[in-house]
Asker: 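Have a look at the structure that comes next, please.
Predicted model only: the values in this text are computed from it and were never measured.
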Amino acid sequence: MKIFFRSLLAVLSLSAPLVVLSQQPEAVLRFDAVQREELTDEAALFSVADTTIVATLPFACKLNRRRATEAEVYDAVTLWNVRRVRVKNRRMRLSDTTRREKVRLLKFFIECNRKKGVRPHLLGNVAGYRWSSFVRENGRWHEAPPSIGAYVLRQEIDSLCATLGGRMPTHVPDELWHELPRSVRYVLDGTAVHGALFQFIDGLILRTLDIVRDATDDGRPLVVGTTYPDRVPLVVFDGALTDIGTWLDMCSADLFSFTSEVPMRYYYMLPLEAVECFGPRGLYGAICVETL
């Protein structure tokens, strides 16, 4: 009997592994028993694609390391005082009544010295000028693309200030104004452009303005300008990002015009809005051009 039980035990011990291996588990999908599992806040933050976060997260702002509203940053940050910007994903309270939530934090750093953060003076031999948007034809005035109609030389203004004891004159005498024909040519950073382009960037990125008489073979005056090389906004043409150089090449190739035949809308986007739309590349704002 003992020999029988020993033999039976040996058989069972050999057959048991075969029984376990032969019984493969069967996968059964139970949709009625599915339970939703919520990720932790940290896991959810890093599990979502970064592009999705940028598109869906609200914005929060800091100005020189202090919390600030978007309205405050919009008014405070300009092309001339902004130094740098950092864009981070953070969890913050947007108000005292809300819990901490995922935000896109924009950290702007601006120049604290107001004298250093203002728009610099326009350089060149021109101290002042008048824009003209009308032309007289057949006894009537007609609207025309803007151009410089008259200008005052800086040397002559400096001489006038010297006679006034170093004070700036409150009124420029008529004899100091020099008329400029509408046929004048405009060159910006070595590229021939339309005069209306000068008017748009005046006060924005126009650094120097010089008027040279008898500079061309046909005797027409030449308006020469340069832009700031270190504070260059983005250029957005019908939603496509480009740069100042490409934009000027488009101007010289006459791919678009300022005339009424090709109506376009030009506007400057301040740094806050540009960073919200294009990220850190929009540090110096954006020049937006849209065809109508």
Asker: Measure across N125 and D210 and return the closest heavy-atom pair with its distance rounded to 0.1 Å.
Answerer: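 In terms of heavy atoms, the two residues are closest at N-OD1, 2.9 Å.
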Asker: Could you tell me the separation between the CZ atom of R182 and the OG atom of S132, rounded to the nearest 0.5 Å?
Answerer: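 The OG atom of S132 is 5.5 Å from CZ of R182, to the nearest 0.5 Å.
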Asker: For M92 versus L105, what's the shortest heavy-atom pair and its separation?
Answerer: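 Between these two residues, the closest heavy atoms are SD-CD1, 3.8 Å.
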Asker: Check whether any side-chain heavy atom of L197 sits under 4.5 Å from a side-chain heavy atom of Y186, and report yes or no.
Answerer: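 No, their side chains stay 4.5 Å or more apart.
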Asker: I need the minimum non-hydrogen distance between E276 and F59, along with the two atoms involved.
Answerer: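 Shortest heavy-atom contact: O-CZ, 3.7 Å.
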Asker: Where is the tightest heavy-atom contact between H121 and Y228, given as atom of each residue plus distance?
Answerer: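 Shortest heavy-atom contact: O-OH, 4.0 Å.
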Asker: Just checking, any donor-acceptor pair under 3.5 angstrom between side chains of R220 and S183?
Answerer: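 No.
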Asker: Would you say L209 and Y151 make side-chain contact, with heavy atoms under 4.5 Å?
Answerer: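 Side-chain contact under 4.5 Å: no.
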Asker: To the nearest 0.5 Å, what is the distance between CZ on R83 and CZ on F109?
Answerer: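 One finds 8.5 Å between CZ of R83 and CZ of F109.
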Asker: Can you give me the closest heavy-atom contact between N81 and A76, atom names plus distance?
Answerer: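 Where N81 meets A76 most closely, the heavy atoms are ND2-O, 2.8 Å.
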Asker: Rounded to the nearest 0.5 Å, what separation is found between the OG1 atom of T226 and the CG atom of L188?
Answerer: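 Result: 7.5 Å between the selected atoms.
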Asker: Which heavy atom of G225 sits nearest to which heavy atom of L206, and what is that distance?
Answerer: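 Closest pair (atom of G225, atom of L206, distance): CA-CD1, 4.3 Å.
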Asker: With side chains defined as the heavy atoms from C-beta onward, is the minimum distance between Y284 and V82 less than 4.5 Å?
Answerer: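 Yes. Closest side-chain heavy atoms under 4.5 Å.
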Asker: Using the side chain to side chain contact (heavy atoms under 4.5 Å, CB included) rule, pick out the option among E156, Q155, R154 that qualifies with D158.
Answerer: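 Between D158 and the candidates, side chain to side chain contact (heavy atoms under 4.5 Å, CB included) is satisfied uniquely by R154.
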